[in-house]
K.L.:
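This is the structure, below, for whatever I ask next.
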Amino acid sequence: MPCRSTKSSASAPAAMNILKPAFRITIWCWKSNLLKETIMSQKPAAPQQVTDSNALVEAKIENLKHLQARGVNPFPYRFDVSAFADDLQKKHEKLENGAMTEERVSVAGRIMAYRNSGMFIDLRDATGKIQIFSHKQSLPPELLEQLKFYDIGDIIGVTGIVRRTPPGELTINAEKLEMLSKSVRPLPEKYHGIHDTEIKYRQRYLDLITNEGSRETFRKRSAIIAYVRQILTGEQFMEVETPMLHPIAGGANAKPFSTHHNALDMKLYLRIAPELYLKRLVIGGFDRVFEINRCFRNEGISVKHNPEFTSVEIYQAYADYNDMMSLTERIVEGACKAVNHGQTKVSFGDREIDFKAPWARKTMVELVQEKTGVDFTTIPDAAAAAEKAKLLGIPTKPGSNWGEVVEAIFAEKVEAELIQPIHIVDLPKDISPLAKVHRTNENLTERFESYANGWEIANAFSELTDPFDQLARFKDQMSAREKGNDEAQMLDEDFVEALEYGMPPTGGLGIGLDRLVMLLTNSASIRDVIAFPTLRHVTK
RNA sequence: GAUUCCGUAGCUCAGCGGUAGAGCAUCUGACUUUUAAUCAGAGGGUCCUGGGUUCAAAUCCCAGCGGGAUCACCA
């Protein structure tokens, strides 16, 4: 807890005793360390109240009091851990059943199971599980006595000798036990764990304590992000941070969250994309930058959408969208191997997806033609294209431009069938205001979106570097906004000015990391890969 | 936002008009090389909330709250 005040007090320690407990906390903040320790070493108030109570809680509090009565602090400060469960399991993999070692270790973790009146405890730490054996042969009588007051859910430290029991369980023969934190609430059922999705999301810690699958998902999420960082820094990309509070919400077509800065009396938006700031850094001379970023979009929540989500945006000067395709493949294939035992194939539901590079590449209009038989490049007029779409059974919004019509048909007819990884290339200019016009077709841009499992997982362009064209595109977006499209982009004149100083030809790439984690962990919902997904607030 | 399904003990779930149930967890005791430990016993409920129908509602109907799924918007 931050202690911001340096103010000292002349109050004598003795005076503290007459203060009510709640008031003491306030005072802690301005005390010297010495005085703080004096206060903290005082016996804490008898713990009798939790936020709500029942017989199960009371039973644990009783055990806590028993420990205190024996002089045990149920919430001590530290413990010297010398080994982790999984390391021990691996190290002694070949230890024979019934064999002893001479290795004395100290482990710490949560009691997950308690058998034979505590003689056998399953202890779990961050890496895995190990059994603890408490017996009068090695454990002093007073500790054997304390063991009665240990409960499932308590966090304890254990020191002892590693052995393997005759039935084959790697075990520590406890010579010393130490209560490290008393749990006063019952853990969920040990066999089934937490199934209630609401508890899983609102009290993620309970999900993590009880469900190995959830722990594994979040470990893989971390490994995937670590891999992305590793491959990019290995290729001389520089990790940077750009603002999350934007005076203009740019870089994507989306509804922003808005807020207000009091001191500046200024409206600010939570960023919908870091794109325009990252490009400013490229203009500044950082030729290869990336940001693993949280974005915020004030839109619907679904199995694939959370209001805040994580992506990585990458910019590489002197590269184009072809380079970005191969970079996408390197990142995704490599991340897949990193969490999938070196394999490029993963199961997702009843599907198998193979991320092995190179991926297929097809243009958007080509795929639309494959599905509908209509070559929309021969119908460049928006109204005629919309008419054709209607004949295909896909109504478009009135006033849609050509690109929006093509995109709508693509979304309706093609998208869901893009199961194996594929780059959809050369998207319409109308829907790509930050991408460079295609070098051979003025209605298209050098932009691609990568799909897998029917989901967009990456979006990239040869970045638009021409300030005159960029200004024109922004103006088109502005007129779309005026016509009621509240997701059209805002005009960012400062960004155009930056382009006027000269931006090198640049390839830019964004990858949705939550969706990538979903694919690589066989997770059906984005809420299963975001530790604390956005939920409605509930007051208990 | 629309449609639809769900909400019962701390957890996982049965019950679906007629006295509120099981397993785990908890408590008491037994046992002591177990591993979803076992054995004997006990306690534990706002059946999400509020209305309604009925002799009788956890159960049927309506509304609300929360959650899931699908759709729309979107990545």
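Just so we're on the same page: letters track the sequence lines, and every chain starts at 1. Predicted model only: the values in this text are computed from it and were never measured.
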K.L.:
Mind checking if A/Tyr201 touches a base, just sugar-phosphate, or nothing, with heavy atoms under 4.0 Å?
P.N.:
sugar-phosphate

K.L.:
Could you check whether A/Phe120 and the base of B/A37 form a stacked pair, meaning centres closer than 5.5 Å and planes differing by less than 30°?
P.N.:
no

K.L.:
In whole angstrom, what separates A/Ile111's CD1 from B/U34's P?
P.N.:
20 Å

K.L.:
Any non-hydrogen side-chain atom of A/Met244 less than 4.5 Å from a side-chain atom of A/Phe296?
P.N.:
yes

K.L.:
B/C27 pairs with which nucleotide, Watson-Crick or G-U wobble, both distances below 3.5 Å?
P.N.:
B/G41

K.L.:
Using the C1' atom in both, what is the distance from B/U33 to B/U46, to the nearest Å?
P.N.:
46 Å

K.L.:
Whole angstrom is fine here: how far is it from CG in A/Asp154 over to C1' in B/U26?
P.N.:
14 Å

K.L.:
Testing A/Glu313, A/Glu241, A/Glu291 for salt bridge (charged side-chain N to carboxylate O under 4.0 Å, His left out) with A/Arg271, which one passes?
P.N.:
A/Glu291

K.L.:
Take the protein atom CG of A/Leu519 and the nucleotide atom P of B/A75, then report the distance between them rounded to whole Å.
P.N.:
17 Å

K.L.:
Going by heavy atoms in the side chains, are A/Asn63 and A/Lys182 under 4.5 Å from each other?
P.N.:
yes

K.L.:
Of the nucleotides B/A37, B/A25, B/U33, which one has an atom closest to the side chain of A/Ala113?
P.N.:
B/A37

K.L.:
Ignoring hydrogens and angles, are the base of B/U34 and the side chain of A/Glu169 linked by a donor-acceptor pair under 3.5 Å?
P.N.:
no

K.L.:
To the nearest Å, give me how far apart CD (A/Glu198) and P (B/C48) are.
P.N.:
13 Å

K.L.:
Answer yes or no: side-chain N or O of A/Thr171 and base N or O of B/U33 forming a donor-acceptor pair under 3.5 Å.
P.N.:
no

K.L.:
Would you mind telling me which of B/U33, B/C11, B/G67 lies closest to the side-chain atoms of A/Leu535?
P.N.:
B/G67

K.L.:
Heavy atoms from C-beta onward define the side chain here; which of B/A69, B/A75, B/U34 lies closest to that of A/Val303?
P.N.:
B/A69

K.L.:
Please report, rounded to the nearest Å, how far the P atom of B/U28 is from the NZ atom of A/Lys148.
P.N.:
10 Å

K.L.:
How do A/Glu412 and A/Glu407 order along RNA chain B: which one's closest nucleotide is nearer the 5' end?
P.N.:
A/Glu412

K.L.:
Do we get A/Arg361 above A/Phe448's six-membered ring, with its NZ or CZ under 6.0 Å from the centre and within 45° of the axis?
P.N.:
no

K.L.:
Closer than 4.0 Å, any side-chain N/O of A/Arg164 to the OP1 or OP2 of B/U35?
P.N.:
no

K.L.:
For a quick check of understanding: with a heavy-atom distance under 4.0 Å over all strands, which category does A/Gly512 fall into, base, sugar-phosphate or nothing?
P.N.:
nothing

K.L.:
Is A/Ile199 touching bases, backbone alone, or none of the nucleic acid, heavy atoms closer than 4.0 Å?
P.N.:
sugar-phosphate

K.L.:
If you check the A/Pro188 side chain, which of B/C73, B/C11, B/G10 turns out closest?
P.N.:
B/C11

K.L.:
Nearest-Å distance, CG (A/Asp514) to P (B/A75)?
P.N.:
14 Å

K.L.:
Once you apply the 3.5 Å cut-off to both distances, tell me the Watson-Crick or G-U wobble partner of B/A63, or none.
P.N.:
B/U49

K.L.:
Remember a base hit wins even if backbone is also touched, and classify A/Ala254 as base, sugar-phosphate or nothing at under 4.0 Å, heavy atoms.
P.N.:
nothing

K.L.:
Between B/C27, B/U34, B/A75, which nucleotide gets closest to the side-chain atoms of A/Phe309?
P.N.:
B/A75

K.L.:
On RNA chain B, nearest-nucleotide positions of A/Ser525 versus A/Lys60: which is more 5'?
P.N.:
A/Lys60

K.L.:
In terms of side-chain heavy atoms of A/Asn63, which of B/C27, B/G66, B/U32 is nearest?
P.N.:
B/C27

K.L.:
Do the side chains of A/Ser134 and A/Met119 get nearer than 4.5 Å, heavy atoms only?
P.N.:
no

K.L.:
If I take atom CE in residue A/Met119 and atom P in nucleotide B/U33, what distance separates them, rounded to the nearest angstrom?
P.N.:
6 Å

K.L.:
For the rings on A/Phe257 and A/Tyr269, is their centre-to-centre separation under 6.0 Å?
P.N.:
no

K.L.:
Within the 4.0 Å heavy-atom criterion, would you say A/Thr197 contacts the bases, only the backbone, or no part of the nucleic acid?
P.N.:
sugar-phosphate

K.L.:
Above 12 or not: heavy atoms from other molecules or residues under 6.0 Å from OH of A/Tyr227?
P.N.:
yes

K.L.:
With a non-hydrogen cut-off below 4.0 angstrom, is A/Arg297 in contact with a base, only sugar-phosphate, or nothing?
P.N.:
base

K.L.:
Would you check if A/Pro274 and A/Cys295 make a side-chain contact, meaning some heavy-atom pair closer than 4.5 Å?
P.N.:
yes

K.L.:
Let's see if you get this right: which residues in residues 189-196 of chain A place a heavy atom under 4.0 Å from RNA chain B?
P.N.:
A/Glu189, A/Lys190, A/Tyr191, A/His192, A/Gly193, A/Ile194, A/His195, A/Asp196

K.L.:
Do any side-chain nitrogens or oxygens of A/Arg115 fall under 4.0 Å of OP1 or OP2 in B/U33?
P.N.:
no

K.L.:
Under 4.5 Å between any side-chain heavy atoms of A/Pro166 and A/Asn97, yes or no?
P.N.:
no

K.L.:
Among the candidates B/A25, B/C73, B/U32, find the nucleotide nearest to the side-chain atoms of A/Glu299.
P.N.:
B/C73

K.L.:
Could you let me know what B/U12 is paired to, Watson-Crick or G-U wobble, both distances under 3.5 Å, or none if it's on its own?
P.N.:
B/A22

K.L.:
For B/A56, give its Watson-Crick or G-U wobble partner with both distances under 3.5 Å, or none.
P.N.:
none

K.L.:
Does A/Ser117 make a side-chain donor-acceptor contact with the base of B/C31, cut-off 3.5 Å?
P.N.:
yes

K.L.:
Under 4.0 Å, heavy atoms only, any strand: does A/Lys255 hit a base, just the sugar-phosphate, or nothing?
P.N.:
sugar-phosphate

K.L.:
Could you state the atom-to-atom distance from NZ of A/Lys304 to P of B/A69 in whole Å?
P.N.:
13 Å

K.L.:
Across all strands, who's sitting opposite B/A69 as a Watson-Crick or G-U wobble pair, both distances under 3.5 Å?
P.N.:
B/U3

K.L.:
When you compare B/C60 with B/G17, how far apart are their C1' atoms, in angstrom units rounded to a whole number?
P.N.:
8 Å

K.L.:
When you get a sec, tell me which of B/A69, B/C27, B/A75 is the closest nucleotide to the side chain of A/Glu456?
P.N.:
B/A75

K.L.:
For a side chain to side chain donor-acceptor pair (under 3.5 Å) with A/Gln131, tell me which candidate from A/Arg164, A/Arg115, A/Glu169 qualifies.
P.N.:
A/Arg115

